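Comments concern the structure below.
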Amino acid sequence: MGPFFDILKFLYFYVIMIYFSSYFFLSESLFSACKLRRQFYLNGMHKPGDVILGGLFEVHYTSVFPELTFTSEPNMLSCQGFDPPGFRHAMTMAFAIDEINKNSNLLPNVTLGYSLYDNCATLVIGFSAALSLVSGQEEKFLLHENCLGTPPVVGIVGDSFSTFSIATSDVIGLFKMPIVSYFATCSCLSDRHKFPSFFRTIPSDAFQVHAMILILKHFGWTWAGLLVSDDDYGVHVARSFRQALAQSGGSCLAYSEILPWGENSAELRRIVEVMKKSTARVVIVFAHQIHMIQLMEEVIKQNVTGVQWMASEAWTTAAVLQTTHHMPYLSGTLGIAIRRGEIPGLRDFLMKIRPDIYDSNNNGNSMVRQFWEYTFQCRFAPPPSGWLQGGGALCTGQEELANVETEFLDVSNLRPEYNIYKAVYALAYALDDMLHCAPGRGPFSGHSCATLQKLEPWQLMHYLEKVHFTTPFGDEVSFDENGDALPIYDIMNWQWLPDGSTKVQNVGVVKKTALKGEELRLDEDKIFWNSNSKQPVQSVCSVSCPPGTRMARKNGQPACCFDCVRCSEGKFSNETDSLECTSCPEDFWSSPQRDRCVPKKTEFLSYHEPLGICLTTASLLGTFICAVVLGIFTHYRSTPIVRANNSELSFLLLVSLKLCFLCSLLFIGRPRLWTCQLRHAAFGISFVLCVSCILVKTMVVVAVFKASKPGGGANIKWFGAVQQRGTVLVLTSIQAAICAAWLISSSPVPYKNTQYYNDKIVFECVVGSTIGFAVLLGYIGVLAILSFLLAFLARNLPDNFNEAKLITFSMLIFCAVWVAFVPAYINSPGKYADAVEVFAILASSFGLLVALFGPKCCIILLKPERNTKKEIMGRGLAKSQAVSWLFGPSVCVQCSALIKMWIHRVLVWLVLTWVFLSIIHHPTTALLQYSATDLLRLRFCLAVSPPVALYFYPDITFKPRRRYIH
């Protein structure tokens, strides 16, 4: 703890050092080498022994300074304000030494004594007492006697204040005298270079600061105010608190103020106004109870309520603040308190105190006599003048402590006393370990051991650093490399009971262990909250950011003041107050709440969606129609119209068309390795088989016509049945070889494409080798163009039923569909590319089926009278008559005009398509964002006619869709 008069600390320190410097530096000719320079007037209590331990305690809480005129010898300081708890602290040390002397297992055959002094809560007196303990107060010396031998004390328990301990350790540490404090908490005392002989059994403020931060984190208080006292205690705590808070992260200080010493109402008023204006509802106070008394008067005056106070160990158990005047504001306070312990037998020991037993030779300086006079309001003889005349009583020394009510006998809340008890035992165990040293195996030079006759304090320090024992209360005691004990604190809660009484309840513990580190345990059910909701207050600068958002710090404000920014698409945060959003893995996408990653939706042309159902239905319908046509041709295979059109190739053509319809099913459903490899191979071979049949039929028609002319009979022998089958087989085998080479060199494989959409995975089959795919399509295109050219040349043959006209029209449809397919396929993303390819397959297949077999089925089923050899072999009919022959004379003229119109439109369509293909390779306009309806309309236009799409959407750019090469 800090001092009461820290302002005078350095003045006292330097006055005393100058005062004693004359003794240390004057020559021997003036003074004897062992002359005592000055005898201090100190309140004390002594007990002889083989080894003496010193103690410094605050038995009086103030002192009166004499006037310094320097014309006469200055009077001694007088101590005032007897403090019964301070005297209980001193008697606890006496009890511990008495208990050790009775213990046969600890320091056997060695009697401990003590010299206990009162520091009167004043630095100059405490420092004088420490010098007296080190140097002694004996004035009689023999002539020529040296000052060697055992020092007056081998160790000191104290001091109670941090500033006193700093001043004392600065000087006493020069002699390596071990000092074990029970109440000095300043973290600065852990500096081993400045204070090499300082130890303590109370945790340092560094751990108290960590304990406060643990409580802040536990309740989510990220915005707090800090008030500290204006002394070493407060200054070091403030520095440690800021550093620890910055390292821990998550909490910030709204303000930090220093509480003044003495009466300074203006400064206190300013501090309380800062508290009122701040949004922080938690106030942490590291100060002494005198500061809190002054502060609370101003708090009550300005009626500052709704504050959650957090108390340091200096005022957590201060009874002076637990009054009905203060409790409306201080109830619910959470505080750090020194560990409470049990000391069996202490109360019985205190009850046996008698003035005639303790310090009978000290007369007025005896602390026991002063305690007795204070407790029984009497004076020992000779009494002060006027005492008896004023009705005062004389002390007999036989008064009974049991007959008076005094807080001196209250041992229900032993906190500093427990630390004193541990400090005395630490020194005793160090002495015991020293006495058990085996000669020749000691830790000192030459493996020597220390002895009581020539004991040096620094030798005791060696053993004190290694002390480790367990108290009867179950707490382990040991010191780390800085002289600090294993830290442990009780967490207290100020409770205001319904009957108006107050209670300080233990609601938890915070400690540090070698295995688990810092550990906080709280029983929240026991905590009393001073709020209407009976719940902890909320003290934050900004509300916590929920999962799905991240914190964005506000410029110029502490880290606890921030905005919550929603995570962008594809990123998530699943923790509260996340600093950054994390990107989802490649196959995942952020949920709508951005608090987790969910698997991306998979997209492929499915059998369960409307588009897939329509295409599947069309495929099965085409297959069914092929089967029906095949059945019709089989049933009427002996009729002239079937026999006249090469029935064998017609049957093969129908089978290939059926395969074309069925292969489209391979493009529907989740892509798998076998479907990816089979779909294009089946498609390519089926269509080559189909087109090769058409090509051979066309060649046969041309050959038969030439054979009917004079001298053309020699050509017909090259187009017999065997040659026809061989030609179809060879042409199909070439495509099969292309497919085999493609599959072996760079086979199509399934691929999860994440490039089209951010939130979807498109399952598709990458073609593997673009060249292989182009060769496959190119080969089909070459055969189709060749068939178209041959059929076009034979379109005007004089037969009544010239199949070349039907082949020309069918191949025109076939070429138109596949020319339109190329740009539509390149610009269709994901499953729509498969849909476009299936549409092209079905459209071209239906075109071939209807154009080639529709008219024949009409004659077979609807015009059986035309299904004769005479009608088939008839010549010289006009084109209009041929149409009339098919559809009837009433519509022949209209049909002829209609056919001409469609032929002209198709030709124009092809020209515009090639123009469009040249345009898309030199795009000049940017792709705009269209609505879903526009995109569907655009896809439809692309499928029907790219020039139409360009006409309705002139501001788009068609960029070739990226095809991934495996």
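Atoms considered below: every heavy atom in the structure, side chains included; atoms not considered: hydrogens, waters and symmetry mates. These figures come from a predicted structure and were not determined experimentally.
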| request: Not counting sequence neighbours, list each pair that qualifies as a ring pair (Phe, Tyr, Trp, His ring centres under 6.0 Å) and has a residue in residues 294-326. | output: Trp315-Trp494

| field | Closest non-hydrogen atom pair between Val540 and Gly220, with its separation | value | CG1-O, 3.7 Å

| note | In this structure, OG1 of Thr333 is separated from CD of Gln495 (nearest 0.5 Å) by 11.0 Å

| remark: For Ser187 and Ser240, the nearest pair of non-hydrogen atoms, with its separation, is OG-OG, 3.4 Å

| field | Criterion ring pair (Phe, Tyr, Trp, His ring centres under 6.0 Å) on Phe473 and Tyr418, from CA distance to verdict | value | CA-CA 10 Å; Phe473 194 57; Tyr418 187 48; 5.7 Å; yes

| said: What verdict does the ring pair (Phe, Tyr, Trp, His ring centres under 6.0 Å) test give for Phe183 and Phe161, after you've listed the backbone C-alpha separation in whole Å, the side-chain angles of each residue and the deciding distance to 0.1 Å? | reply: CA-CA 6 Å; Phe183 218 54; Phe161 300 111; 7.9 Å; no

| request: Assess whether atom CD of Glu407 is packed by more than 12 heavy atoms of other residues, nucleotides or ligands within 6.0 Å. | output: yes

| task | Take the angle between the ring planes of Phe469 and Tyr429 and call it parallel below 30°, perpendicular above 60°, tilted in between. | result | parallel

| request: Could you tell me whether Lys276 and Glu273 make a salt bridge, using a distance below 4.0 angstrom between a side-chain N and a carboxylate O? | output: no

| request: Under the ring pair (Phe, Tyr, Trp, His ring centres under 6.0 Å) rule, what do Tyr117 and Phe57 come out as? Steps first, then yes or no, please. | output: CA-CA 6 Å; Tyr117 286 119; Phe57 303 95; over 10 Å; no

| Is the centre of the Phe479 ring less than 6.0 Å from the centre of the His468 ring? | no

| message | By the disulfide bond (SG atoms under 2.5 Å apart) test, which pairs, at least two apart or in different chains, include something from residues 261-298? | response | none

| note | d(Leu226 CG, Arg242 CZ) to nearest 0.5 Å is 6.5 Å

| Is the distance between the ring centroids of Phe127 and Phe164 under 6.0 Å? | no

| task | Would you confirm whether Ser331, through its side chain, and Trp496, through its main-chain N or O, come within 3.5 Å as a donor-acceptor pair? | result | no

| Atom CE in Met212, atom NE2 in His210: separation rounded to 0.5 Å? | 13.0 Å

| said: Looking at Glu481 and Arg192, is any side-chain nitrogen of the basic one under 4.0 Å from a carboxylate oxygen of the acidic one? | reply: no

| field | Test item: Asn119 side-chain N/O and Ala129 main-chain N/O as donor-acceptor pair under 3.5 Å | value | no

| remark: When Ile284, Val274, Leu259 are each screened for side chain to side chain contact (heavy atoms under 4.5 Å, CB included) with Leu227, the one that passes is Leu259

| field | Donor-acceptor contact present, side-chain Ser542 to main-chain Phe562, <3.5 Å | value | yes

| message | Just by distance, no angles: are the side chains of Ser190 and Arg200 close enough, under 3.5 Å, to form a donor-acceptor pair? | response | yes

| Does one side chain, of Gln80 or Tyr61, offer a donor that lies under 3.5 Å from an acceptor on the other? | no

For residues 296-304, which side-chain donor-acceptor pairs fall under 3.5 Å, sequence neighbours excluded?
{"residue": "Glu298", "atom": "OE2", "partner": "Gln302", "partner atom": "NE2", "Å": "2.8"}
{"residue": "Asn303", "atom": "OD1", "partner": "Tyr329", "partner atom": "OH", "Å": "3.1"}

| field | Inter-residue atom distance Ser312.OG - Gln208.CD, 0.5 Å rounding | value | 5.0 Å

| query | Step by step, would you call His291 with Asp230 a side chain to side chain donor-acceptor pair (under 3.5 Å)? | reply | CA-CA 10 Å; His291 293 101; Asp230 188 13; over 6 Å; no

| query | Would you say the side-chain atoms of Thr122 pair up with the backbone N or O of Val124, donor to acceptor, closer than 3.5 Å? | reply | no

| field | Pairwise disulfide bond (SG atoms under 2.5 Å apart) hits with a residue in residues 208-282, at least two apart | value | Cys252-Cys560

| remark: The residue among Arg340, Arg415, Lys511 that forms side-chain hydrogen bond (donor to acceptor under 3.5 Å, both in side chains) with Asp490 is Arg415

| With sequence neighbours excluded, what pairs up with Asp577 under the salt bridge (Lys or Arg N to Asp or Glu O under 4.0 Å) test? | none

| query | Could you state the interatomic distance from NE2 (His218) to CD1 (Ile491), rounded to the nearest 0.5 Å? | reply | 8.5 Å

| Counting distance only, does the side-chain N/O of Tyr489 pair as donor-acceptor with the main-chain N or O of Pro203 below 3.5 Å? | yes

| request: Please assess Thr185 against Asp205 for the test side chain to side chain donor-acceptor pair (under 3.5 Å), listing each intermediate value before the final yes or no. | output: CA-CA 5 Å; Thr185 61; Asp205 289 331; 2.7 Å; yes

| said: If I compare all heavy atoms of Leu123 with all of Ala167, which pair ends up nearest, and what's the gap? | reply: CD1-CB, 3.7 Å

| task | Run the ring-centre check on Phe219 versus Trp529 and record whether the distance is less than 6.0 Å. | result | yes

| request: Sequence neighbours left out, what pairs pass side-chain hydrogen bond (donor to acceptor under 3.5 Å, both in side chains) with at least one residue falling in residues 243-252? | output: none

